[in-house]
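Notes for the one structure printed next.
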Amino acid sequence: MLVLGIETSCDETGLALYEHGSGLLADALYSQVELHARFGGVVPELASRDHVRKIVPLTREVLARAGRTQDDLDGIAYTAGPGLMGALLVGAAFGRTLAWSLGIPAVGVHHMEAHLLAPLLAEREPPLPFVALLVSGGHTQLVRVDGLGRYELMGESLDDAAGEAFDKAAKMLDLGFPGGPALALAAERGTPGRFRFPRPMTDRPGLDFSFSGLKTHTLTTVKACAPLSDQDRADISLAFEEAVVETILIKCRRAIAAAGIGHLVIAGGVSANRRLRDRLDRDLDAHVHYAPPRLCTDNGAMIAYAGCLRLMAGERAPLEVAIRARWPMTELRPAGLAADAARG
Ligand code: KG4
Ligand code: ZN
């Protein structure tokens with residue numbers, strides 16, 4: 001089965017071709033980061049218009065790179081939510097319509113499910129069951145995964161998501177947009193031990209997170225050091241990153257122990273963070289699975305892969321273009337056996 005995957009939930013236009021049995025054949029990504037940078041955040045209307053400009057050329061590009069035509073497609077998967085309504089609408093309308101015109105099935109994919117499955121794209125045997133840590137710009141969740149669509153929420157952030165906290169801290173430090181990678185880069189030059197930031201909600205039991213106190217702590221430190229030198233920026237970045245990473249490590253350790261499961265899958269933009277990967281690899285008593293960095297942040301490959309699994313399990317989108325800005329992952333229905341479907 002050859003599936004075209006389309007991601008347009010936020011500020012990246014991602015297209016990819018995934019074939020069951022062969023794997024990822026081609027993927028193309030256009031990031032709107034420069035378009036939004038001067039506003040310090042994503043401007044939804046500009047995002048939608050830019051998706052409209054890029055979606056057709058990128059579709060042609062992935063087909064050409066894989067040496068295929070649209071007539072070879074067996075199905076089309078597009079992100080149906082959660083995300084920005086206007087941005088989602090572009091990918092969903094294009095994908096649903098193209099599938100209809102070609103007489104092939106379409107499926108609307110849950111963006112966070114796609115993130116969650118991305119680390120398994122290259123694995124022959126998905127390690128079921130596993131605990132998933134989803135850390136993106138909008139979500140921080142620990143989820144027990146027993147199969148495709150079999151998700152049980154174990155814990156989540158009560159306020160800011162981890163990626164959002166990175167972005168806000170980076171903004172306070174004038175490090176640019178998007179903040180996560182910029183802050184991680186600055187932290188590399190940080191002086192270990194100069195600052196120690198709190199590890200929120202780790203001194204009591206539970207698997208929930210809270211990052212807003214860390215944000216306040218960052219602001220207080222920034223004000224105390226002003227005017228900031230580059231070294232101050234690097235030192236604060238390091239203390240912030242260490243605090244987030246260690247907090248996540250502590251919660252993952254608890255989740256693994258509570259579930260009695262030896263596999264942790266980390267996914268979402270923040271799972272690209274080097275320090276997070278290294279700490280989990282080194283200090284967590286479990287197998288840690290993660291995707292290559294370019295498949296951690298938003299991309300079309302994860303949508304094509306998740307869509308392929310759901311199409312193979314028999315799922316079909318109705319003819320209307322249905323999208324959802326908010327969509328709890330626990331509302332997803334189980335579909336087939338992930339362990340069988342994901343092989344190859
Ligand atoms: O998954 P993603 O691409 O989009 C959402 O679905 O939200 O995640 C984007 C988030 C941003 O907040 C970004 O700053 C963060 O992931 N991020 C990182 C790194 N790369 C991306 N945070 C920390 N370290 C990184 N290397
Ligand atoms: Zn995402």
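Remember, it's 1-based here, ligands and their atoms both numbered in the order they're listed. This one's a predicted model, so the numbers in the text were calculated from it and none came from an experiment.
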- Item | Protein N/O/S neighbour count - the Zn ion (ligand 2), strictly under 2.8 Å | 3

[X]-[Y] side chain donor-acceptor pair, cut-off 3.5 Å:
{"X": "D298", "Y": "H115", "value": "yes"}
{"X": "D74", "Y": "H20", "value": "no"}
{"X": "D159", "Y": "S210", "value": "yes"}
{"X": "Y78", "Y": "E7", "value": "no"}
{"X": "Y290", "Y": "D281", "value": "yes"}

- Message: Show me, by chain and number, every protein residue that has a heavy-atom distance under 4.0 Å to ligand 1.
- Response: H111, H115, S136, G137, G138, G163, F166, D167, G180, P181, G268, G269, V270, A272, N273, T297, D298

- Message: Please list all pairs meeting side-chain hydrogen bond (donor to acceptor under 3.5 Å, both in side chains) that have one or both residues in residues 229-238, counting only residues at least two apart or in different chains.
- Response: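 Non-adjacent pairs meeting side-chain hydrogen bond (donor to acceptor under 3.5 Å, both in side chains): T191-Q231, T191-D235, R194-D232, R194-D235, S229-D232, D230-R233, Q231-D235.
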
- Message: I'd like to know whether V3 forms a side-chain contact (heavy atoms from CB on, under 4.5 Å) with E19, so could you lay out the CA-CA distance, the side-chain angles of the two residues, the decisive distance to 0.1 Å, and finally the verdict.
- Response: CA-CA 6 Å; V3 178; E19 187 169 52; over 6 Å; no

- When rounded to the nearest 0.5 Å, the distance separating SG of C252 from CD1 of I266 is 7.5 Å

- Message: Can you pull out every salt bridge (charged side-chain N to carboxylate O under 4.0 Å, His left out) where at least one residue sits in residues 251-274? Sequence neighbours excluded, please.
- Response: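 Those involving residues 251-274 are R274-D278.
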
